[in-house]
Student: 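Sharing a structure with you now.
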Amino acid sequence: MQNLSIVTEFVLLGLSQNPRVQKIAFVVFLLVYIATMGGNMLVTVTIVCSPTLLGCPMYFFLVFLSFLDACFSSLIIPKTIADTLRARSTISYEGCLTQVFGVHFLAGAEVIVLTAMAYDRYVAICKPLHYSSIMNWRLCGTLMGVALTGGFLHSMIQISFTFHLPFCGLNVIDHIMCDLYPLLKLACADTCILRLLVVANTVSFCILIFSMLLFSYGVILFSLRKQSSEGRRKAFSTCGSHIAVVILFFVSCIFMYARPPSAYFFDKFVAIFCTTFTPLLNPMIYTFRNKDMKNSMRKVWKRLVVLSEEK
């Protein structure tokens, strides 16, 4: 990675330059980060400590999703929290590109994990007799490998647009983090083609998968007509959680990248929602709507209480 420009660091303006707003942002981001890490760790510990859940592919994918959410949140929020305490927030050129790479790598991997979870629900509901033979551990491991590889390739394509961009002095980014559109805006070169390539890459990777997921969930919901009322209720509960997370994640991503940037101030709030609140809401959605998860959490809590009393 070689910087061909004279810019060695970027200045992040953050959410606001108002000291009062920065203090409020510090408290909000800190609480959200603690809740995000706590929620995702709770989901992971509950599943890992519950053999019945860990033996189910759906919960295996959920552990992986929680891990990605925790990493995604840790990539952005800690620096954002630290920046609210500083009068001038900077990030190095290499650190900026590393942040861009990390964001797109984790987001790309999460897209494929959500697709794998949709396929798992399709097999479980539409082909229940063949579920154990289709969704074996070899396939689950392969899907997770595909998620990491796909995220890496997507991120390399995205970040390759910025490798050789010349930055001739302008280094102020009106954002809470480094991202593609703000970097393209600062480059002292014509970036119209690069902007189109960014949109095209996002459209091919995000919108098409989102459409496929909505179609697959439509097929699943349509097939529920043949099931009993209890089966429909349980399937609706599980699929409802998946659909809520899919819509939450993809709509934010599509809004951020699959269109030309207009008002950066508004884009900033969308980015905050996507990178900060989505990882927080995912464990809540899966936990509150899932009876098995809630029962397993109670068992894990009782086990911890017993162990603490024995000590």
Student: Answer yes or no: is there a side-chain heavy-atom contact under 4.5 Å between Y122 and K127?
Tutor: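 They are in side-chain contact.
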Student: Would you say T149 and V146 make side-chain contact, with heavy atoms under 4.5 Å?
Tutor: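 SC-SC contact between T149 and V146 ruled out.
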Student: OH of Y181 to CG of L194: how many Å apart, nearest 0.5 Å?
Tutor: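 Here the rounded value is 11.0 Å.
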Student: Would you say that K23 contacts T84 through its side chain, given a criterion of any heavy-atom pair below 4.5 Å between the two side chains?
Tutor: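 No, their side chains stay 4.5 Å or more apart.
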Student: Please indicate whether F273 has more than 12 foreign heavy atoms, meaning atoms of other residues, nucleotides or ligands, lying under 6.0 Å from its CZ.
Tutor: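 Enclosed.
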Student: For I176 and L12, what are the C-alpha separation, side-chain angles and deciding distance, and is it a side chain to side chain contact (heavy atoms under 4.5 Å, CB included)?
Tutor: CA-CA 6 Å; I176 63 168; L12 297 173; over 6 Å; no
Student: Applying side chain to side chain contact (heavy atoms under 4.5 Å, CB included), run through L85 and Q22 and close with a yes or a no.
Tutor: CA-CA 7 Å; L85 302 175; Q22 286 183 321; over 6 Å; no
Student: Output all residues satisfying ring pair (Phe, Tyr, Trp, His ring centres under 6.0 Å) with Y217, sequence neighbours left out; order by chain, then residue number.
Tutor: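 Per chain and number, Y217 pairs via ring pair (Phe, Tyr, Trp, His ring centres under 6.0 Å) with no residue.
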Student: Mind checking salt bridge (charged side-chain N to carboxylate O under 4.0 Å, His left out) for R88 and listing every partner two or more places apart, or none if nothing turns up?
Tutor: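 Expected list: E9.
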Student: Can a side-chain donor-acceptor contact be found between Y33 and S74 if the only test is distance below 3.5 angstrom?
Tutor: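 Yes.
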Student: Atom CZ of F105 and atom SG of C71: how far apart are they, to the nearest 0.5 Å?
Tutor: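 One gets 9.0 Å once the value is rounded to the nearest 0.5 Å.
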Student: Is there a side-chain contact between F61 and Y119 in this structure, where contact means two heavy atoms from C-beta onward sitting under 4.5 Å apart?
Tutor: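 Heavy-atom side-chain distance check fails, nothing below 4.5 Å.
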Student: Would you call the rings of F67 and F64 parallel, tilted or perpendicular, where under 30° means parallel and over 60° means perpendicular?
Tutor: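 Plane angle between 30° and 60°, so tilted.
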Student: If you round to the nearest 0.5 Å, how far is CG of D120 from OG1 of T115?
Tutor: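 The distance works out to 12.5 Å.
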Student: What is the ring orientation for H154 with H104, classed by angle as parallel under 30°, tilted 30 to 60°, or perpendicular over 60°?
Tutor: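 Answer is tilted, since the angle falls between 30° and 60°.
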Student: Report yes or no: do M117 and L208 belong to one cluster of Ile/Leu/Val/Met/Phe/Trp/Tyr joined by side chain heavy-atom distances under 4.5 Å?
Tutor: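 No: no chain of side-chain contacts under 4.5 Å links M117 to L208.
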Student: Begin with the C-alpha distance, continue with both residues' side-chain angles, and end with the deciding distance and a verdict on side chain to side chain contact (heavy atoms under 4.5 Å, CB included) for T276 and S73.
Tutor: CA-CA 6 Å; T276 304; S73 183; over 6 Å; no
Student: To the nearest 0.5 Å, how far apart are OG in S132 and CH2 in W137?
Tutor: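 S132 OG to W137 CH2: 12.5 Å, rounded to 0.5 Å.
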Student: What distance separates R121 CZ from C126 SG, expressed to the nearest 0.5 Å?
Tutor: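 Between atom CZ of R121 and atom SG of C126 there are 10.5 Å.
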Student: Knowing that exactly one of L65, V48, D69, L62 qualifies, which makes a side chain to side chain contact (heavy atoms under 4.5 Å, CB included) with V43?
Tutor: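 Per the side chain to side chain contact (heavy atoms under 4.5 Å, CB included) rule, the option paired with V43 is L62, out of L65, V48, D69, L62.
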Student: F250 versus L114: any side-chain heavy-atom pair under 4.5 Å?
Tutor: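 F250 vs L114: side chains touch.
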Student: Give, for atom CE of M37 and atom CG of L280, the distance between the pair rounded to the nearest 0.5 Å.
Tutor: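 M37 atom CE to L280 atom CG measures 12.0 Å (nearest 0.5 Å).
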Student: Applying side chain to side chain contact (heavy atoms under 4.5 Å, CB included) to M144 and V113, what does each step give before you reach the verdict?
Tutor: CA-CA 7 Å; M144 293 305 95; V113 172; 4.2 Å; yes
Student: Below 4.5 Å, heavy atoms only, C-beta onward: do L53 and F60 meet side chain to side chain?
Tutor: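 No, side chains not in contact.
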Student: Are any non-hydrogen side-chain atoms of T36 and F277 less than 4.5 angstrom apart?
Tutor: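 No, their side chains stay 4.5 Å or more apart.
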Student: Taking the side chain as every heavy atom from C-beta outward, state whether T80 and M177 have any pair of such atoms under 4.5 Å apart.
Tutor: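 No, too far: nothing below the 4.5 Å cut-off.
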Student: Do Y93 and N171 have a side chain donor and acceptor closer than 3.5 Å?
Tutor: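 No, no side-chain donor-acceptor pair sits under 3.5 Å.
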